[in-house]
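Below: one structure, written as structure tokens.
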Amino acid sequence: MNHAQQFVALTKQLLEFQDFWRDSPFYNPDMVWRKHYPELSKQVLQLSEKAFNDIDNSAEKLHQFLANYIPHYGDMLALLNVAQNIHPVELNKHLATGVSGRKWSQIFAFIGALPEKAAPGVSTVVDWCSGKAHLGRAVAHHWQRDLHGIEMQSQLCDDGSALAAPWVNKAHFSCKDVLAESHDFHSHEHVIALHACGDLHRTLLRQWRASNSPYLSFAPCCYHQWLHGDYEPLSAIAADNNLNLSKNQVRLAVQEMVTSSPRVCKQVSTLSEWRMAFDLIQRDITGKDEYRSTPSLPYSYIARGPEVTIRTLAEKCNIPLPPDINFAPFLQQAEVRYREFRRLQLVSQGFRRALEMWLVLDLVLFLEEGGCDVHLTRFCPREITPRNLHINAIRNNAC
């Protein structure tokens, strides 16, 4: 099965299962699928905290759980298989100086998925949205090639230049906002990008495909970033088989906290529970039984407590709260509702990888339609990063 056939088959499966992932139980716990799959609804709500955590922390266990209750779910999972491309690579350990352990593990794995040597004719490694170019510096040193970093923040460009100086023969940075200013790639360049988010990687693909650069290797991330409406496919095949994904539906593809610390997970849960309490309050005050979108708040609000947080949300949404409002019953209801939400959300999360694969295959097909030979692989285990899909494109005339 080629990428186009895989994409069309996956689109069909996602449409058949769309009642499970189109809506979020955060907004409305009465999901359509609960009427048609009462046993699944019963079993997921009855999960103990330990059983819930076991399933929530393991994509494999989640998939196995859902396969017991959703007919043909396994057929969709079969479309998500991606070849592993994990190879140990020898790098100077001092290249990791100043890089966090998890980030270095991702860089190390990403380089292991690249060719052992630069292709003939390649003299420069271009690190797109490079930051300090930790990735580009390591690849350029490994291949003994020059480095060109492209980064918006001037301080990061300066820091990257200083860090690269001992390791590469020649390094320079272009300080630019790639979403506002286009960049010309050249025939002697191999372009790389690790976890450029949303429009950053979509812009990269458009500009690289229109250039003379023969090689592109990247791992996409955070597909929802910079979306201002529904997702607009890049490839012609995806445009003809469009799922019409909203920003929230695209965000579902990356809603997991595998690499987050327990502290961050607790902070997210606490703020979400208080946000749910506010939702209950605003429905009560306005008399409208519908979810109201709320702005994000920093984790620092946790120290200020639930009442301050809820009042802040109310102010931002222009909803006046009674001065003598009793928050306690709403917070108690939110605690119960949040427990229910987390379990119902497991079902929609069982379609995260399928949605991500749909988005990634759109990128792959866009490159293939532009005359490239494209390989899609996994470059590291999920525990290092769940955004572990690696796209390697070679322009056909470069072969």
Side-chain angles (χ1 to χ4, degrees), residues 1-47 51-84 223 230-231 233 235 237-246 248-256 258 340-365 376-378 382 386-389:
M1 182 180 292
N2 61 31
H3 291 136
Q5 293 168 331
Q6 181 184 7
F7 182 84
V8 172
L10 182 57
T11 301
K12 180 181 178 181
Q13 291 283 348
L14 282 168
L15 287 172
E16 289 182 1
F17 291 131
Q18 61 185 318
D19 285 347
F20 293 105
W21 57 265
R22 282 285 184 191
D23 299 317
S24 169
F26 190 92
Y27 313 129
N28 181 11
D30 296 324
M31 308 288 287
V32 173
W33 64 261
R34 295 181 67 185
K35 300 176 183 177
H36 304 293
Y37 297 86
E39 187 62 23
L40 172 58
S41 178
K42 174 185 174 181
Q43 293 299 325
V44 76
L45 289 176
Q46 288 180 348
L47 289 172
F52 168 82
N53 288 328
D54 285 346
I55 294 174
D56 189 40
N57 293 325
S58 169
E60 291 75 16
K61 291 181 179 179
L62 174 58
H63 293 163
Q64 291 169 5
F65 176 80
L66 295 180
N68 291 328
Y69 304 102
I70 304 177
H72 309 298
Y73 178 72
D75 296 340
M76 185 194 72
L77 295 180
L79 295 171
L80 310 183
N81 293 328
V82 176
Q84 184 172 284
Y223 310 90
D230 288 355
Y231 178 80
S235 68
I237 294 178
D240 290 339
N241 295 270
N242 197 352
L243 289 177
N244 297 305
L245 299 176
S246 69
N248 281 337
Q249 290 160 355
V250 174
R251 184 185 283 112
L252 175 60
V254 296
Q255 276 185 346
E256 51 193 318
V258 175
E340 180 182 80
F341 153 72
R342 291 174 70 211
R343 283 155 176 75
L344 292 174
Q345 189 187 39
L346 278 179
V347 178
S348 59
Q349 288 176 341
F351 295 85
R352 283 180 307 210
R353 189 63 158 188
L355 287 167
E356 179 174 24
M357 185 65 71
W358 191 91
L359 293 163
V360 169
L361 284 172
D362 175 36
L363 307 180
V364 168
L365 292 169
L376 174 62
T377 59
R378 284 184 297 116
R382 179 173 175 266
R387 307 282 74 76
N388 60 1
L389 294 176

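Note that this is a predicted model, so its numbers are computed, not measured.
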Checklist line | Val82 to Met357 - nearest heavy-atom pair and separation | finding: CG2-CE, 3.1 Å

Notebook entry, point to check: How long is the span from the OG atom in Ser348 to the CD atom in Gln255, to the nearest 0.5 Å?
Noted result: 7.5 Å

Item checked: Rounded distance (nearest 0.5 Å) linking atom CG of Leu346 with atom CZ of Phe65 -> 7.5 Å

Next item on the list: Indicate the atoms forming the closest heavy-atom contact of Asp230 with Ser246, along with that distance.
Entry: OD1-CA, 3.5 Å

Next item on the list: Please check if the side chain of Arg352 supplies one atom and the backbone of Gln349 the other of a donor-acceptor pair under 3.5 Å.
Entry: yes

Notebook entry, point to check: Within the distance-only criterion (no hydrogens, no angle test), does the side chain of Ser58 pair as donor or acceptor with the backbone N or O of Asp54 below 3.5 angstrom?
Noted result: no

Item checked: NE2-CG distance between His72 and Leu77, expressed to the nearest 0.5 angstrom -> 13.0 Å

Checklist line | Side-chain heavy atoms of Tyr37 within contact of Phe20, under 4.5 Å | finding: yes

Notebook entry, point to check: Yes or no on side-chain contact (heavy atoms from CB on, under 4.5 Å) for Ile55 and Val44, after CA distance, side-chain angles and deciding distance?
Noted result: CA-CA 10 Å; Ile55 294 174; Val44 76; over 6 Å; no

Checklist line | Spatial distance of atom CG (Leu40) from atom CG (Asn68) [nearest 0.5 Å] | finding: 10.0 Å

Notebook entry, point to check: Could you give the distance from CG (Asp240) to CZ (Phe7), rounded to the nearest 0.5 Å?
Noted result: 9.5 Å

Notebook entry, point to check: What are the two closest heavy atoms between Gln249 and Leu355, and how far apart are they?
Noted result: O-CD1, 3.9 Å

Next item on the list: Examine distances only and state if a side-chain atom of Asn242 and a backbone atom of Ala238 form a donor-acceptor pair shorter than 3.5 Å.
Entry: no

Check: Within a strict 4.5 Å, meaning less than it, do heavy atoms of the Tyr231 and Asp362 side chains meet?
Finding: yes

Notebook entry, point to check: Within a strict 4.5 Å, meaning less than it, do heavy atoms of the Met31 and Asp19 side chains meet?
Noted result: no

Check: Tell me, do Asn248 and Leu252 make a side-chain contact under 4.5 Å, heavy atoms counted?
Finding: no

Notebook entry, point to check: Stepwise, does the ring pair (Phe, Tyr, Trp, His ring centres under 6.0 Å) test hold for Tyr69 with Tyr73?
Noted result: CA-CA 9 Å; Tyr69 304 102; Tyr73 178 72; over 10 Å; no

Check: Is Arg343 close enough and on-axis enough to Phe52, meaning under 6.0 Å and within 45°, for cation-pi?
Finding: yes

Margin query: A side-chain contact here means heavy atoms from C-beta on lying under 4.5 Å apart; do Glu356 and Leu361 qualify?
Written below: no

Notebook entry, point to check: How long is the gap from CG on Leu79 to CD on Gln13, to the nearest 0.5 Å?
Noted result: 6.0 Å

Next item on the list: May I ask you to test the Arg34-Leu45 pair for a side-chain heavy-atom distance under 4.5 Å?
Entry: yes

Item checked: Smallest separation among heavy atoms of Leu365 and Ser235, with atom names -> CB-CB, 3.7 Å

Check: Between Asn388 and Arg382, which heavy-atom pair has the shortest distance, and what is it?
Finding: ND2-N, 3.8 Å

Notebook entry, point to check: Any side-chain heavy-atom pair from Gln345 and Phe26 closer than 4.5 angstrom?
Noted result: no

Margin query: If you compare all heavy atoms of Asn241 against all heavy atoms of Thr11, which two are closest, and at what distance to 0.1 Å?
Written below: O-CG2, 3.4 Å

Checklist line | Heavy-atom side-chain contact between Leu376 and Val360 under 4.5 Å | finding: yes

Next item on the list: Decide whether Gln43 and Glu39 meet the rule of one side-chain donor and one side-chain acceptor closer than 3.5 Å.
Entry: yes

Note to self: For Arg378, is there any backbone N or O sitting under 3.5 Å from a side-chain donor or acceptor partner on Gln84?
What the structure shows: no

Next item on the list: State whether the side chain of Trp358 and the backbone N or O of Leu243 hold a donor-acceptor pair below 3.5 Å, judged by distance alone.
Entry: no

